[in-house]
Amino acid sequence: MDVRGRLGGAVAAVAVTLDETGRRALQRLAASAKAQVREVLRARIVLAAADGLANTEIARELNVAINTVRKWRGRFAERGPDGLKDTGRPGRPKVYDDRVRVAIVAAATSAPPHPAATWTHRAIAEQVAGTVSAAVSPSQIGRILADLDLKPHKVRGWITRRDTSEFWERAEHICDLYRNPPHDAVLLSIDEKTAIAARSRKHPGRPATPGQPARQEFEYVRHGTASLVAALDVRTGEVLTEVIARNNAATFTAFLDWIDALIPDGTDIHVVLDNDSSHTAKHTKTWFTAHPRWTAQFTPSHAS
C-alpha cells in the first residue's frame with residue numbers, strides 16, 4: 001500500500017526495497033538497448049529509489065518531473081514489478097473483433113467476384129456482411145486496409161518468362177552487347193510504338209512565377225492516334241524516328257532502307273530487335289540476307 005504520510009508538512013517518500021533477484025532484473029532492464037524507453041526509465045527510477053535517493057534527486061538526475069518519480073516509486077512499492085506495467089486505458093471498446101478483420105483481409109487478398117476487375121471498399125463491405133454477418137461501412141474498410149497497407153484497388157501486371165537456359169543465354173548476350181558495343185560498328189535498338197494518342201492543349205499554359213509553379217491547362221483536343229518507329233544509337237544516344245501508317249514487315253524494312261542510306265558504306269550495323277511479327281517475318285529475313293552488313297540480334301521472348 002501507499003504509505004506516504006505527512007511529516008512536518010512534507011510528503012515522505014515511499015520506501016522501496018529490492019531483493020537480489022529483483023535488483024538484477026531491473027538492472028538488466030535499465031541497461032537494455034531493446035526495451036522501450038519508458039520501461040528503462042521506470043526501472044532506473046526504482047533502482048535509484050532503492051538506493052535511498054530522494055525524489056527530487058532522482059527527478060534531477062533522470063531529467064523528469066518529480067510527480068513521475070512519485071508515481072512509479074509508489075506503484076512499485078504497492079504492486080512490485082507488476083506496478084511498472086501500463087494499465088488499461090479508458091475508451092470505447094473495439095467495434096470490430098479479429099474475426100471481422102480477418103474477413104476483410106481475406107476478401108482484399110482474393111480475386112473479386114466476376115465481372116469486377118478490382119475490389120472496392122463497398123464491395124468488400126458487402127462481402128464481409130455476407131461471410132461473417134458484420135455491418136462494416138466502406139469508410140471503415142478503407143481505414144482498416146490503410147492500417148494494414150493493403151491496396152486491393154491497385155493492380156500491377158507482369159509476364160511469366162520461360163525459365164530456360166536459352167532465355168538466360170540470350171539475355172546475357174544482349175546485355176553484353178549493350179555494355180560492350182562492337183568496335184567500328186553501329187549498334188541500334190529499334191522498336192515501334194503504336195496507337196499513341198495525339199493531343200494538344202486547348203489553352204496555353206502559364207509560366208512559373210516567384211512562389212507559383214508553372215500551370216498547365218487541363219483540357220486538351222484529340223487529334224486521333226499516331227504510330228512511330230524509332231532507332232536508338234546505343235553508343236551516342238541519338239534517336240531516329242519516323243511516323244508510320246501501318247506496322248508490318250514492308251513498313252519496317254522501308255525504315256531500315258532509310259537508315260541504311262544514312263550510314264556510310266563499309267560500316268557494319270548491329271540491330272537489337274524484339275520478336276514482333278514485323279521483325280521476324282519472311283520478308284524481313286529476306287531483307288537482312290540481302291544486306292550482309294546488317295546483323296540482327298533478337299531479345300529472348302518475355303524479356304521485357
Side-chain angles (χ1 to χ4, degrees), residues 107-108 111-127 137-160 178 186-263 271-281 283-284 299 301-304:
H114 184 77
T118 58
W119 283 105
T120 64
H121 293 166
R122 185 175 299 279
I124 293 176
E126 294 173 354
Q127 177 82 355
S137 68
S139 58
Q140 183 64 25
I141 294 288
R143 285 189 287 270
I144 292 174
L145 293 178
D147 288 341
L148 299 171
D149 196 25
L150 279 174
K151 303 173 183 177
H153 59 286
K154 291 188 175 182
V155 177
R156 290 186 62 183
W158 89 96
I159 186 167
T160 303
Y178 277 124
V186 175
L187 175 59
L188 302 176
S189 178
I190 300 180
D191 202 2
E192 295 85 2
K193 178 65 175 177
T194 59
I196 305 171
R199 304 181 300 187
S200 64
R201 295 292 167 182
K202 192 172 183 179
H203 304 285
R206 297 183 181 181
T209 57
Q212 179 70 49
R215 286 179 286 178
Q216 185 171 271
E217 170 62 41
F218 177 77
E219 290 187 283
Y220 56 84
V221 179
R222 296 178 183 269
H223 300 287
T225 60
S227 297
L228 298 176
V229 58
L232 166 70
D233 188 322
V234 174
R235 184 177 281 107
T236 66
E238 181 182 4
V239 178
L240 299 175
T241 63
E242 186 175 51
V243 177
I244 57 177
R246 298 184 62 186
N247 181 26
N248 55 23
T251 301
F252 178 63
T253 54
F255 181 65
L256 297 181
D257 282 329
W258 177 51
I259 295 177
D260 188 65
L262 296 176
I263 298 176
V271 57
V272 178
L273 304 168
D274 62 18
N275 295 276
D276 185 78
S277 59
S278 62
H279 304 160
T280 59
H283 175 82
T284 304
T299 61
S301 300
H302 301 166
S304 299

- Item | Pair His279-Asp191, side-chain contact (heavy atoms from CB on, under 4.5 Å): steps then yes or no | CA-CA 9 Å; His279 304 160; Asp191 202 2; 4.0 Å; yes
- Item | Arg201, CZ atom: more than 12 neighbouring heavy atoms under 6.0 Å | yes
- Task: For Thr194 and Ser227, work out which heavy atoms get closest and say how close.
- Result: CA-OG, 3.5 Å
- Nearest atoms (heavy-atom pairs only) where Glu192 meets Ser278: OE2-OG, 3.7 Å
Listing, residues 242-261 side-chain donor-acceptor contacts under 3.5 Å, not counting sequence neighbours, or none:
from   : atom 1 : to     : atom 2 : distance (Å)
Asn248 : OD1    : Ala250 : N      : 3.4
Asn248 : OD1    : Thr251 : N      : 2.9
Asn248 : OD1    : Thr251 : OG1    : 2.8
Thr251 : OG1    : Arg246 : O      : 3.1
Thr253 : OG1    : Ala249 : O      : 3.0
Thr253 : OG1    : Ala250 : O      : 3.1
Thr253 : OG1    : His283 : NE2    : 3.1
Asp257 : OD1    : Trp287 : NE1    : 2.8
Asp260 : OD1    : Arg293 : NE     : 3.1
Asp260 : OD1    : Arg293 : NH2    : 3.0
Asp260 : OD1    : Trp294 : NE1    : 2.8

- Could you give me the CA-CA distance, side-chain angles and deciding distance for Val234 and Val272, then say whether side-chain contact (heavy atoms from CB on, under 4.5 Å) is met? CA-CA 10 Å; Val234 174; Val272 178; over 6 Å; no
Compile the donor-acceptor pairs under 3.5 Å between side chains in residues 216-223 and protein atoms, sequence neighbours left out, one pair per line.
from   : atom 1 : to     : atom 2 : distance (Å)
Glu217 : OE2    : Glu219 : N      : 3.2
Tyr220 : OH     : Arg199 : NH1    : 3.3
His223 : NE2    : Ser200 : OG     : 2.7

- Please name the pair of heavy atoms, one in Val186 and one in Asp233, separated by the smallest distance, quoted to 0.1 Å. CG1-OD2, 4.1 Å
Using residues 146-155 as the side-chain source, report each donor-acceptor pair under 3.5 Å to any protein atom, sequence neighbours left out, with the distance given to one decimal.
none

- Task: Over all heavy atoms of both residues, which pair between Tyr178 and Ser189 is shortest? Give the atoms and the distance, please.
- Result: OH-OG, 3.1 Å
- Task: With rounding to the nearest 0.5 Å, note down the distance linking CD1 in Ile144 to CD1 in Ile124.
- Result: 10.0 Å
